[in-house]
Structures are given as structure tokens and as C-alpha cells.
Protein chains: 2
Amino acid sequence: MFNSSEIDNCEVRIIHQDVVDKVVASLPPDEELYDLAELFKVFGDSTRIKILSALLEHEMCVCDIAAALGMTQSAISHQLGVLKRAKLVKFRREGKVVYYSLDDDHVKQVFEQGFSHIKEIYSGK
Amino acid sequence: MFNSSEIDNCEVRIIHQDVVDKVVASLPPDEELYDLAELFKVFGDSTRIKILSALLEHEMCVCDIAAALGMTQSAISHQLGVLKRAKLVKFRREGKVVYYSLDDDHVKQVFEQGFSHIKEIYSGK
DNA sequence: CAATCATTTCAACATCTGTTCATATGTTCA
DNA sequence: TGAACATATGAACAGATGTTGAAATGATTG
């Protein structure tokens with residue numbers, strides 16, 4: 001009825017069945033990998049990286065961050081919302097002013113880990 | 001001619017000049033922060049995370065990765081190209097087949113660093 | 001060389017994402 | 001309470017990104 005080439009045209013060929021099986025079995029659940037990608041996605045924007053880099057140095061309020069980066073308060077506030085939802089920053093309110101800071105050392109570690117990676121790459125390894 | 005409120009309407013207000021100055025001085029060059037964001041951007045896609053997670057376990061060829069993830073060879077190849085350009089994976093050719101693997105331990109470290117972060121968050125910290 | 005196969009590349013489409021502008025909260029102080 | 005101010009939010013637009021299907025490479029084998 002169908003020859004093998006017709007069927008294969010709609011399927012992905014497997015060359016090493018044993019490796020595929022092993023890898024599929026060892027793969028973390030989709031949801032965790034999805035969450036991991038979401039985490040890195042938050043780090044993957046230069047505005048947010050700049051904000052994190054600033055907060056690495058000192059706790060700051062929104063308008064000071066905006067001034068330091070030369071951007072709109074609105075834009076900064078939007079990105080702080082993203083960072084907040086990802087639990088990368090925490091904040092405290094003091095009167096009208098809201099101060100932001102890094103949530104925990106984990107953020108700092110990921111940040112610095114990535115940094116040393118690009119240093120390694122661009123220095124000819 | 002202009003009063004201060006008119007001028008301020010077009011500018012970002014600074015509350016703590018000292019902090020702003022200090023942070024601006026300590027900020028890494030824009031180019032480095034941009035590259036850092038680009039690096040995390042590569043990690044920030046669930047397909048690429050799945051590929052990296054698979055390669056963490058075993059060296060694999062394109063069609064086996066496609067089979068393991070249930071995706072098109074074209075899509076996988078495209079993402080492998082992104083990972084290759086970011087120097088996150090390396091490859092070797094053996095006849096018709098191209099085998100991909102993680103480029104260095106740094107990749108593994110960033111991956112696992114991020115993983116432990118989301119574990120921490122979702123376990124109620 | 002011709003056929004086959006693994007992989008890559010291309011163009012196109014749909015979706016996602018960041019910024020802007022305008023407006024809404026919420027707080028302080030007169 | 002009302003004016004001034006710091007921040008947050010919503011809608012909308014522009015640009016970036018991932019997947020797809022088709023066509024193009026590059027490599028092996030008969």
C-alpha cells in the first residue's frame with residue numbers, strides 16, 4: 001500500500017534509537033524546561049541586564065534607574081515589573097519612592113556566570 | 001523664560017544624584033552588557049533549552065534530536081545554528097551525519113545555575 | 001555519475017516583545 | 001481636600017523571533 005519512502009517523508013528518521021531513548025528518558029519534564037527558558041528570557045534583554053547590573057551595585061528607585069540608563073520612567077517601570085514577576089528583584093516603599101534591589105544571591109551568580117562566559121569567548125578562549 | 005516645572009516635564013528627575021553617579025561609573029560598557037543579554041537570549045527559548053538539555057546527556061545528530069523532541073529537522077537545525085553562533089555547542093562531521101555536543105563546561109554551569117534558581121523559587125524558598 | 005540521505009538555507013508567515021504615550025494609583029504636604 | 005509628584009498600568013505600534021515548507025548543499029554508495 002505504502003512503500004517506506006512515502007511513509008518516511010512524513011516522519012523524522014531515527015539513526016540511534018538507543019541514544020534517543022536514553023535522552024528522552026533523562027529529559028526533565030517539559031514544564032521545568034519551559035520555566036527555565038522563561039527565566040533566561042528575562043535575562044535576555046539589554047535594558048533588563050542594565051537594570052540588574054545597576055542594582056548589583058546599589059539599591060535604587062525607579063527614576064534614578066531611568067536617569068542612570070537614560071531611559072523613560074515608564075519603560076523602566078515596565079521592565080521592573082517583568083523582573084519582579086520573575087522574582088529577580090524585590091522592592092520596598094518609602095513614602096512616594098519605591099526602592100528596588102536584587103532578590104537574592106542566585107541572581108548575582110547567574111549574572112556573573114554569564115559574564116565570565118562571554119569574557120572567555122571574546123578573549124580567544 | 002522657562003520655569004523649572006516646564007523643563008522637568010521633558011527630563012527624568014533624579015532623586016539621589018550620588019547613587020546615580022556611583023552606579024553610572026560602575027556600569028560595565030554598553031557593549032558587554034549587550035553581549036551578555038544576547039547570550040541569555042540564546043538560553044531563553046524552550047526549544048533551545050531542550051536541545052541543550054538533551055546534549056547535556058549525550059552527543060547527538062540532528063535527526064535524533066528532532067526525533068527526541070518531536071520536532072522538524074529544519075527547526076532543530078535552525079536552532080542549532082543559533083547555538084553554534086553563540087558558541088554554546090560544537091559539532092563534528094562523520095560521513096553524512098553531523099554530531100552536536102556542548103561546547104564547554106561553562107554552558108553546563110549556566111544551565112544548572114538557572115535550574116537551581118527555579119527549583120528554589122517553586123519550592124517556596 | 002546518479003541516487004539517496006542528512007543537513008542547511010531561504011522566504012514567508014504568525015507570534016511575541018519592548019517602547020511610547022496617555023492615563024491611573026497612591027502618597028505627601030500645604 | 002487639592003496640588004505635586006513617584007510609580008504603575010493599558011493600548012497600540014514597530015521590530016524581532018521561531019516555525020514551516022521548499023529548495024539547495026554536501027557526502028556516501030552502488
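A note on names: the letters A, B, ... follow the listed sequences, proteins ahead of strands, and every chain is numbered from 1.
Ring pair A/H117/B/F43: centre-to-centre distance not below 6.0 Å.
Nucleotide C/dC16 holds its C1' atom 13 Å from the CG atom of A/D45, rounded to whole Å. A/I15 places its CD1 atom 13 Å from the C1' atom of D/dT28, with the value rounded to the nearest Å. Going from atom CD of A/Q73 over to atom C1' of C/dT23 covers 15 Å, rounded to whole Å. The separation between B/F40 atom CZ and D/dT17 atom P is 17 Å, rounded to whole Å. C/dT9 atom P lies 15 Å from atom CD1 of B/I76, rounded to whole Å. Note: CD (B/E38) to C1' (C/dG18) measures 14 Å, nearest angstrom. Between B/L80 atom CG and C/dT7 atom P there is a gap of 9 Å when expressed in whole angstrom units. Distance CE (A/M71) to C1' (D/dA8): 16 Å, rounded to an integer number of Å.
At least one side-chain heavy atom of B/L27 sits less than 4.5 Å from a side-chain heavy atom of A/L69. Side-chain contact check for A/K50 versus B/D30: some heavy-atom pair is nearer than 4.5 Å. Within the 4.5 Å cutoff, no side-chain heavy atoms of B/F40 are placed close to those of A/R48.
Under the stacking criterion of a centre-to-centre distance below 5.5 angstrom and an interplanar angle below 30°, A/H78 sits stacked against the six-membered ring of D/dT9.
Note on B/Y99: nothing from the nucleic acid sits closer than 4.0 angstrom, heavy atoms only. Using a 4.0 Å heavy-atom criterion, one finds that B/S74 contacts the bases of the nucleic acid, with or without backbone contacts as well.
OP1 and OP2 of C/dA6 both lie 4.0 Å or more from every side-chain N or O belonging to B/Y100. Listed pair A/R48 / C/dG18 meets the phosphate criterion, a side-chain N or O lying under 4.0 Å from OP1 or OP2.
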Take A/L80 and A/I65 through the side-chain contact (heavy atoms from CB on, under 4.5 Å) test and state the conclusion after the steps.
CA-CA 10 Å; A/L80 281 170; A/I65 299 175; 4.2 Å; yes

Would B/F91 and B/V89 satisfy side-chain contact (heavy atoms from CB on, under 4.5 Å), going step by step from the backbone distance to the final call?
CA-CA 7 Å; B/F91 63 100; B/V89 300; over 6 Å; no

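Using modelled atom types and a 3.5 Å distance limit, the side chains of A/D105 and A/Q109 yield no donor-acceptor pair.
Residues from residues 60-69 of chain A lying near DNA chain D, meaning a heavy-atom separation below 4.0 Å, are A/C61, A/V62, A/C63 in numerical order.
Nearer the 5' end of DNA chain C, as judged by each residue's closest nucleotide, is the contact made by A/T47, out of A/G95 and A/T47. Projected onto DNA chain C by closest heavy-atom contact, A/K41 and B/K96 fall at different nucleotides, the more 5' of which corresponds to B/K96.
Side-chain proximity of B/S77 to D/dT20, C/dT9, D/dA8: nearest is C/dT9. The side chain of B/R93 approaches D/dG26 more closely than any other nucleotide in the set C/dT8, D/dG10, D/dG26. In this structure, of C/dT7, C/dT19, D/dT28, it is C/dT19 that holds the atom nearest to the side chain of A/Q79.
Residue-environment remark: CZ (A/F115) exceeds the threshold of 12 foreign heavy atoms within 6.0 Å.
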